[in-house]
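Just so it is clear, the values below take in all heavy atoms, side chains as well, and ignore hydrogens, waters and symmetry mates. So you know, we letter chains A, B, ... as the sequences are listed, proteins then strands, and number each from 1.
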Protein chains: 4
Amino acid sequence: MADSYDILAISGSLRAGSFNTHLLRAVASRAPEALRLDIITPRGVPLYDGDVEERDGIPPIVEELKERVRAADALVIATPEYNFSVPGVLKNMIDWLSRGEHQPFNGKHVGIMGASTGPIGTARSQYHLRMTLQSLYAVVMPRPEIFVTKARDKFASDGTLTDEATEKIIATWLKHFEPWARLGQQHGRV
Amino acid sequence: MADSYDILAISGSLRAGSFNTHLLRAVASRAPEALRLDIITPRGVPLYDGDVEERDGIPPIVEELKERVRAADALVIATPEYNFSVPGVLKNMIDWLSRGEHQPFNGKHVGIMGASTGPIGTARSQYHLRMTLQSLYAVVMPRPEIFVTKARDKFASDGTLTDEATEKIIATWLKHFEPWARLGQQHGRV
Amino acid sequence: MADSYDILAISGSLRAGSFNTHLLRAVASRAPEALRLDIITPRGVPLYDGDVEERDGIPPIVEELKERVRAADALVIATPEYNFSVPGVLKNMIDWLSRGEHQPFNGKHVGIMGASTGPIGTARSQYHLRMTLQSLYAVVMPRPEIFVTKARDKFASDGTLTDEATEKIIATWLKHFEPWARLGQQHGRV
Amino acid sequence: MADSYDILAISGSLRAGSFNTHLLRAVASRAPEALRLDIITPRGVPLYDGDVEERDGIPPIVEELKERVRAADALVIATPEYNFSVPGVLKNMIDWLSRGEHQPFNGKHVGIMGASTGPIGTARSQYHLRMTLQSLYAVVMPRPEIFVTKARDKFASDGTLTDEATEKIIATWLKHFEPWARLGQQHGRV
């Protein structure tokens, strides 16, 4: 059993001040030593076009991201909710990652969460994302769930989490996610 | 009551030989005279980035598409299914269309369909798309549904529909969609 | 155009003190004169069993409920959320109503809502219910949605609504639902 | 590591000639020696009523079923699809099983499948069922999925599976499910 786990954390927004990126930073800074989170965004991933794939193959940035997903011991994805579903920008990144050989999500253990400025906290988006991850043979931690509502009230202008209730939710979530990441190493191809 | 209806038909794929574009052409060529379908794709719509929107506003291509959606008497959307959900490319287009003033989908009557090479025919994608359209106050025709499965066997290499069963399904669908488009004109803002 | 509309309102719970029944009463008492709500529950509807249906036909209570759904100008359904979906008790009632000739939901205009003691207010359940109603050719009002969260804090012990924010949400909802019910009369069979 | 696994298999229909029960029997008879399937149905589970629960507690039949779920090494659920979702009868059984102490689905590894006489093979129902199982902290095998379409053509009148393609799908599914059941024993409380 490994002593530590490399977790790739994907924030589903391109905004520099994204609440979902803030949320992942809050999780990373509170994670136990054994969990090392590396945060990325869909920045630089082009729009998926089957004709381009056929002509030019998979873009280097996508190959590189696929390799990072494959190399990770587990994943965390923080998704915004746009129009009751996963942002096109995040879905497009996953669509590219699912192309070609060596499906990187296969058997991977994943935790998901999300933050929004509204009252639902990305619940709708997260259930759609779960279906997409299921299609890729990923195994998503069932619960606890993290729905950060009214995010404007919970993060300082520099992105620091300031809400105590959310701190507690993150602490509980981490207690479940650490064994989940550990189990993920034992899965291999499901 | 209008004598004819201008229908904006959105194909959710960038591929030139997209089965969903083929499907919309098959529908357009079989539609009664009163329904005029104009087919577009997400070609040219950039990836949504909130920082870009804040700095530069809504891109001209998006403003133009918003105007076309608004001007249409009704919409048809043909969606592929990528990883059990709406393609990022199509979702990203809708995400942009939902930005700014004058929500173009509001109260709009919509019909949806989809084609895939697999056995489910985009059912999963269509239910996610329905949720997104609901969020935008669109009113989606409940049934009949069109799930074109094993699309490779149903279209000729030039994109012509060659499957008789699908022809019948389209004919039935059009019988329902014509009054649905007509009702849409009476809705206004729901 | 009718001067008034008979609305059948279904509460998806058997509990006498159900928050969803309370919610429907709150809506009924605030509805404009033109909307007359009649509230029912799944009480008395047996568990669906295909063998029983084959042997004995559709139970009299189901036939009677089908007739009431058919006779209504529009429907309202208030659903609890059990285990992230529609309560079995409510789904079972709909399953029975969908059996036999003369599908009563066909083309019917419907509004849905829900109340729960948790933070999500039955959102998950409502999206599943929307899919079931779509399958029955019903046309569900897209928005506004009503998710009554933390219901214990919002109703008095006698079931009276005491929360001002919820009152406003109901008022807005009724402004949209009245024209929705009116349009429903023009739909007929979709 | 155990040498064999006791699998509780739930068929979501009350019909004696249910295709979902037939499907589970086909799976049971083809399972490797290490997997012993015991098939049950919702027969005898009353409609959930919160007032009855408060007054009388959890019915003995539900307590007994909870104990069987808890004792199982893993679960299989075969669900019909009624009106685009989980049958009320099956959902009602799960609703009862989720009541009281000692949540029996917690951390349990589950495989799901379904058979229908239509062309979709219960896909819609299975995705709703996955959400309900997620809510109960169960861990559902992501893939492969089993959607038995046009079931009337695939089972003999005595319920025996006669379709070769479905046989192969079951064989593949069992190859994935055996390690899934084994992993389930290592999960404990997630």
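Contacts between residues 82-101 of chain A and chain B, counted as heavy-atom pairs separated by less than 4.5 Å, involve A:Tyr82, A:Asn83, A:Phe84, A:Ser85, A:Val86, A:Pro87, A:Gly88, A:Val89, A:Lys91, A:Asn92, A:Ile94, A:Asp95, A:Ser98. Interface residues of residues 116-136 of chain A toward chain B, defined by a heavy-atom distance below 4.5 Å and sorted by number: A:Arg124, A:His128, A:Met131, A:Thr132, A:Gln134, A:Ser135, A:Leu136. By a heavy-atom distance cut of under 4.5 Å, A:Leu14, A:Arg15, A:Ala16 are the residues of residues 7-23 of chain A near chain B, going up by number. Among the residues in residues 31-60 of chain A, those with a non-hydrogen atom closer than 4.5 angstrom to a non-hydrogen atom of chain B are A:Arg43, A:Val45, A:Pro46, A:Leu47, A:Tyr48, A:Asp49, A:Gly50, A:Asp51.
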